[in-house]
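First comes the structure, then the notes that go with it.
Computed from a predicted structure; not experimentally measured.
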Amino acid sequence: MWQPASERLQHFQTMIKSKLNVLTLHKEPLPAVIFHEPEDIELCTTMPLMKTRPHAGCKVTYLGKVSTTGGQFASGCTEQPVIELWKQHTLAREDVFPSNALLEIRPFQVRLHHQDLKGEATVHMDTFQVARIAYCTADHNVSPNIFAWVYREINDDLSFQMDCHAVECESKLEAKKLAHAMMVAFKKTFQSMRSDGRIHQDSSSEEVSQGFESDDG
């Protein structure tokens with residue numbers, strides 16, 4: 001049907017307005033998250049994300065290790081090895097020799113963290129399996145601050161040797177605490193191994209402890 005030009009123009013304008021209204025109605029508002037205040041994320045900028053977690057343990061000076069003989073270990077068995085290690089340490093040390101390690105005793109594993117000169121970072125770490133520790137004590141005549149343990153070291157050819165390790169603590173009390181902590185770690189290790197079936201259920205802690213003795217005073 002023919003329409004005058006004025007009517008066609010009016011019809012076209014009406015269609016344009018209708019589509020614009022549809023577009024306006026369907027326009028979605030901006031996400032509300034854009035208007036969040038900066039305080040909501042300020043906590044993330046102040047958290048120490050890269051902070052190094054310090055090791056839990058007792059500050060000690062590692063005296064070293066020396067091989068020892070014998071299959072049965074009783075009170076006094078570490079006295080001679082500790083005297084040897086103490087002499088070597090005394091000859092090598094200066095007037096003041098700071099603690100150079102952290103001894104961390106936990107079930108299943110004992111960790112000796114050797115630290116740098118500032119005592120701030122671990123240079124390397126020695127680990128000792130609790131089940132292979134035969135004896136430990138904090139009772140030594142040469143110094144009451146020394147804690148020592150006898151460890152069954154397995155060589156590459158599957159042979160083994162018994163090494164006596166010793167550390168000097170900051171006090172006699174700290175040495176006694178280490179000896180007690182070692183006994184607690186052994187008991188927890190034994191209980192876990194028994195519950196896992198690695199030790200016969202009929203075995204008692206006294207029977208298993210024939211390979212581990214502790215003298216914590």
**Request:** Check the pair V60 / E168 against side-chain contact (heavy atoms from CB on, under 4.5 Å), numbers first and verdict last.
**Result:** CA-CA 6 Å; V60 297; E168 181 186 12; over 6 Å; no
**Message:** Looking at K176 and E174, is any side-chain nitrogen of the basic one under 4.0 Å from a carboxylate oxygen of the acidic one?
**Reply:**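 No, E174 and K176 are not salt-bridged.
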**Request:** Take L103 and V110 through the test side-chain contact (heavy atoms from CB on, under 4.5 Å) and record every step on the way to the result.
**Result:** CA-CA 7 Å; L103 186 61; V110 175; 3.7 Å; yes
**Item:** Parallel, tilted or perpendicular, as decided by the 30° and 60° cut-offs, for the rings of W86 and H89
**Value:** tilted
**Message:** Can you list everything that forms a side-chain contact (heavy atoms from CB on, under 4.5 Å) with P144? Sequence neighbours excluded, please.
**Reply:**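 Listed in chain order: K172.
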**Partners passing side-chain contact (heavy atoms from CB on, under 4.5 Å) against D157 (at least two apart in sequence or in another chain)** =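 For D157 the side-chain contact (heavy atoms from CB on, under 4.5 Å) partners, ignoring immediate neighbours, are N155, S159.
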**Message:** Less than 4.5 Å apart, side chain to side chain, heavy atoms only: is that true for H113 and V123?
**Reply:**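 The answer is no, as the side chains (C-beta and beyond) never meet within the 4.5 Å cut-off.
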**Request:** Indicate yes or no: at least one non-hydrogen side-chain atom of H165 is less than 4.5 angstrom from one of Y62.
**Result:** yes
Please round to the nearest 0.5 Å and tell me the distance separating atom [atom1] of [X] and atom [atom2] of [Y].
| X | Y | atom1 | atom2 | value |
| --- | --- | --- | --- | --- |
| L173 | L178 | CG | CG | 10.0 Å |
| I83 | Q88 | CD1 | CD | 12.5 Å |
| R111 | L102 | CZ | CG | 12.5 Å |
| S195 | F190 | OG | CZ | 10.0 Å |
| K177 | C58 | NZ | SG | 8.5 Å |

**Asked** Within the side chain of R152, is there an N or O that forms a donor-acceptor pair under 3.5 Å with the backbone of M162?
**Response**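 Judged by distance alone, no pair lies under 3.5 Å.
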**Prompt:** Is there a donor-acceptor contact under 3.5 Å from the side chain of S192 to the main chain of T189?
**Reply:** no
**Message:** Taking the ring of Y151 and the ring of W149, is the distance between their centroids below 6.0 Å?
**Reply:**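 When the ring centroids of W149 and Y151 are compared, they turn out to be at least 6.0 Å apart.
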Non-hydrogen atoms of [X] and [Y] that approach each other most closely:
| X | Y | value |
| --- | --- | --- |
| C169 | F147 | SG-CB, 4.3 Å |
| C164 | V82 | SG-CG2, 4.5 Å |
| L112 | A101 | CD1-CB, 3.9 Å |
| V130 | R106 | CG2-O, 3.6 Å |
| V66 | P81 | CG1-CB, 3.5 Å |
| S67 | D163 | OG-OD1, 3.2 Å |

**Message:** side-chain contact (heavy atoms from CB on, under 4.5 Å), that's the test. Do K188 and F108 meet it? Break it down for me.
**Reply:** CA-CA 8 Å; K188 290 182 177 180; F108 288 102; over 6 Å; no
**Request:** Go through the steps to decide whether T68 and V150 satisfy the test side-chain contact (heavy atoms from CB on, under 4.5 Å), and finish with yes or no.
**Result:** CA-CA 8 Å; T68 184; V150 178; 4.1 Å; yes
Return yes if a side-chain donor-acceptor contact under 3.5 Å exists between [X] and [Y], otherwise no.
| X | Y | answer |
| --- | --- | --- |
| E79 | H140 | no |
| H114 | D126 | yes |
| N100 | T61 | no |

**Message:** With a 4.5 Å cut-off on side-chain heavy-atom distances among I, L, V, M, F, W and Y, is there a chain of contacts connecting Y135 to F160?
**Reply:** yes
